[in-house]
Each structure stands twice: as structure tokens, then as C-alpha cells.
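A note on names: the letters A, B, ... follow the listed sequences, proteins ahead of strands, and every chain is numbered from 1. Computed from heavy atoms alone, side chains included, the values below leave out hydrogens, waters and symmetry copies.
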2 protein chains.
Amino acid sequence: MPKELDAKEKILEAAKGIFYKKGLGGARMAEIAEEAGINKAMLHYYFSSKEQLFETVFEEAFHKIIPSIISVLNSEKPIREKIEEIADFYITTLSANPQLPVFVLNAIQYDPERFLGKFMKNKQMSPQAFMGKLMQQFQQEIQEGKLPPVDPRHLIINLIGLSVFPFMMKPMLKIMMNMDDESFHDLMESRRELIPRFLLDT
Amino acid sequence: MPKELDAKEKILEAAKGIFYKKGLGGARMAEIAEEAGINKAMLHYYFSSKEQLFETVFEEAFHKIIPSIISVLNSEKPIREKIEEIADFYITTLSANPQLPVFVLNAIQYDPERFLGKFMKNKQMSPQAFMGKLMQQFQQEIQEGKLPPVDPRHLIINLIGLSVFPFMMKPMLKIMMNMDDESFHDLMESRRELIPRFLLDT
DNA sequence: ATTCTAATTAACTATTTGGTTAAACCATGC
DNA sequence: GCATGGTTTAACCAAATAGTTAATTAGAAT
């Protein structure tokens, strides 16, 4: 009986598309059902409520862009490598799915408690402990002269901002800079090496 | 008869708060009316529909963050100054209103045609012509050795990203980096000079 | 005072929406 | 066969929602 997964998958795919675009409040269950090519009652067969369906979609999106970079930052590699990997990861992930970050940030803005609560607990490491360890690594590598002496907090913010923000601005950038999808893609590709170089080469 | 402006202003203020948080679909007209301390029918007395009210709020938000930087970029100052002014402008504006960029980008993601259309026309200069002029200035200043030889497109993307993105991430950053509002504010203040230095000093 | 117009409200309506129900469908094991 | 269990559907329902109406208030002009 492979039908269950089939239908559930179709629902999630449709829900993703519509929630990404319209958010929790703007999406209609009937619309999701239609997009998935099934009956409206089927949604409630697999997902008890709109909220639950949304949370499922959100969790998938969130896990696509947050835990990955935490595990990279949490690894034993040198900072340089971590930075390269993260920029690389975001450019790959967001090239395939540019709406992801606006969707996630919007949900968080809508109800921070709810959509960041999981993030706090869920992790194997508390954000604080994890950041502490990372700060230590920064200090050490700076002392060893492997890194320019910058505030690690700024470096991380800059790294993520430089990697993620262009995709959020994609529609506007395409207009302002007169680009089509292909030239936008090329511009993002060139950032794979630009970002680490920019962040680390004084 | 100053009551008209009073009521209209109260409505817009309430609508802003609720649309910023919940978006077009998530906001309820009754909720906005209550928040404004007036009757639901008053909304439709001053604004014909929910959509029109939303567009009014959107337009105000949009004009708060886009035309300002265009007019700076469009001025006759040297690039260095333009960059300093824009970073400064965003940090001031978004410190007072961190939800602004997520709100605007979300609306654009929801219906790009509709919410970027105005941007295209409305301007005194077409984005293309305007960018063309700017690119020329970049080339010239680079030739004169006043600027490091970087791709101007990347420079602009980086400038806006470094200035705006931290405010979008504010809730997450506060948790990850264990900051309260005050220390977040301090961190952002330090970016006023960090961003131009970072962008321009090779 | 009276008229006129803009502001304001309570009550109402038509529609949309999330969610339910009870019956039908269909594969599998016996 | 047929009983069983998960799957799917059409029809239905109650609540919520954007928008309307028609009546009321209050202030200004005459």
C-alpha cells in the first residue's frame, strides 16, 4: 500500500508551494487540496488541522536552512573551511528554493514564540553552549594569526547575510539590475568564492 | 474638522501593526478596527476594501526603505559617501522598525507583479537608466583608484544585505547570541562604521 | 432655528472557510 | 466469496469574515 505516502507527499508538495507564497493566513485549504489533486477531506485525513499542516511545512523548511549550518559551525574544521562550506551550502540550497528564507522569517515574525520554541529545545546543544564553543575557536584562530581580528558575531552575521539576502531580494534585484533568471544564477554562483574571500582576506 | 485625519491616522497605525505581524491574509478587519478603537464600518468609510488598506500600508512601508536609497545612489556624491549614507540610513530606520523588511519582502513574494509594479513606473527614473548611470560612476572611480576594483553589482548587494539582513534575523540572533534588545542595538550601532570600512578597505 | 453634510454606529448579509460525517471504494488475507 | 482495514469522496455544517445598510449624531453654514 504505497498510496499513503503518495498522497501525503502530494499534499505536502502542494502545501509547500502555497504556504511559501501566501503564508499561513493567506493560504486556503481548498486551494491546497485542488493543487494536490485530491479531496479537501483528505487533508484532514492526513493532517488534523491547517495549523498542523503549516507546522509540518515550516519545520521542513526551517530544518533545511538552520540545522545544517549549525552542524557545520559545530564541527572540528577550521573557521575558514566552515565559512566556505556555509556560503556554498546556502547558495546551493537557495538557488533551488529562493522563497525559503522569506517564508521562514515571516513565520517567525508572525509568532516567534511558536516557531522558534522548537529551535531552542530540539537541538542536541543549547544555542548558548554552542555559540560559546564557537567563540572560543574564533579567539584561538585569531590569536594564532589564522584569522583577521574581527568580532566573531559580526563575521557570522555577515556570512549569513551575504549568502542569504540576495535570494530574498531576487525579484527586486532582477528588475533593478535588469537580469533574467540565468544571469541572476550566474551572479549567485560567483558569490561562492567571493563571500569567503571577502570575509577573510583583509 | 480635524477628526477625519485623526481617525484615518488611527486606522493606518493599527493596520500597520497588524499587517506587519500577520500579513494580508492573516489580518482581520475586525481586529484592525478594534485596535484602532473604532467601528468596523469606519474602515470601509475611509478605505474601500481590505486590499486597498493593505496597499496603502504597503506603499508607505515600501517608500520608507526604497526610494531613499535610490535618491542617495542617484546623487552626485562619491561612492564612498553614498555607501556610508545608506548604511547609516538603514540602521537608523530599521532600528526603529525592524519588521519592515520582512513585511515588504513578504508582500513582494506573495504578489510580485502587484507590489513591484508601482516601483517600476512611479520613479522619476527607470531602474535601468538609473543603474546604468551608477555603474558608470563606479567604473570611473575605480579607474581613478578611489575604489577597489570590485563588481559594482556585488558591492550594492553586499551593502544592502549587510545593512538590512541583521534586522530580519533579529529574533533568531537574540536567541543564538544570547542578546537582549539593548545589546542588539549596540551591535547594530557598531555596524554604522563597520559596514563601509568592510566594503571599501581592501 | 434649520438645513446640510460629513462622521459614526449597530445590525445585518452573503460568502468563504476550516473542519466533519457517513457512506463508498478497494486491496488484502482468510 | 467476504470480512477487514486503510483510503477516498460528496455533501454538509457552523463559525468567521469582508463588506453593506440605513439610521443617528454632531458640527458648520445659512
Task: Whole-Å gap separating P (C/dT17) and CZ (A/Phe54) - done: 17 Å
Open item on the list: Given D/dA18, D/dT8, C/dA7, identify the nucleotide with an atom nearest to the side chain of B/Tyr46.
Closed with: C/dA7
- [ ] Return the value, rounded to whole Å, for the distance between atom CD1 of B/Ile32 and atom P of D/dG19.
- [x] 11 Å
Task: Minimum side-chain heavy-atom gap A/Leu159-A/Lys82 below 4.5 Å - done: no
TODO: May I have the distance from A/Asp6 (atom CG) to C/dA27 (atom P), rounded to whole angstrom?
DONE: 14 Å
Open item on the list: Check this for me: does any side-chain nitrogen of one of B/Arg80 and B/Glu84 sit under 4.0 Å from a carboxylate oxygen of the other?
Closed with: no
Open item on the list: With heavy-atom distances below 4.5 Å as the criterion, would you say the side chains of A/Ile160 and A/Ile69 are in contact?
Closed with: yes
Open item on the list: In this structure, how many angstroms lie between the P atom of D/dA16 and the CD atom of A/Glu51, rounded?
Closed with: 14 Å
TODO: Round to a whole Å and report the spacing from CD1 of B/Ile11 to C1' of C/dT8.
DONE: 11 Å
Open item on the list: Contact list please: residues 37-44 of chain B against DNA chain D, heavy atoms, distance less than 4.0 Å, in numerical order.
Closed with: B/Lys40, B/Ala41, B/His44
Open item on the list: What is the distance, to the nearest angstrom, from the NZ atom on B/Lys8 to the P atom on C/dT8?
Closed with: 13 Å
TODO: Determine the interplanar angle of the A/Tyr20 and A/Phe103 rings, folded into 0 to 90°, and report it as parallel if under 30°, tilted if 30 to 60°, perpendicular if over 60°.
DONE: tilted
Task: Test side chain to side chain contact (heavy atoms under 4.5 Å, CB included) applied to A/Phe19 and A/Thr56, A/Leu12, A/Asn106, A/Leu53, the passing residue - done: A/Leu53
TODO: Please work out if A/Ala33 contacts a base, only the sugar-phosphate, or nothing of the nucleic acid, heavy-atom cut-off 4.0 Å.
DONE: nothing
Task: Donor on one side chain, acceptor on other, B/Ser183 and B/Asp186, under 3.5 Å - done: no
- [ ] Measure from OH on B/Tyr45 to C1' on D/dT24 and round the result to the nearest Å.
- [x] 14 Å
Open item on the list: Output the rounded distance in Å from CZ (B/Arg28) to C1' (D/dG19).
Closed with: 14 Å
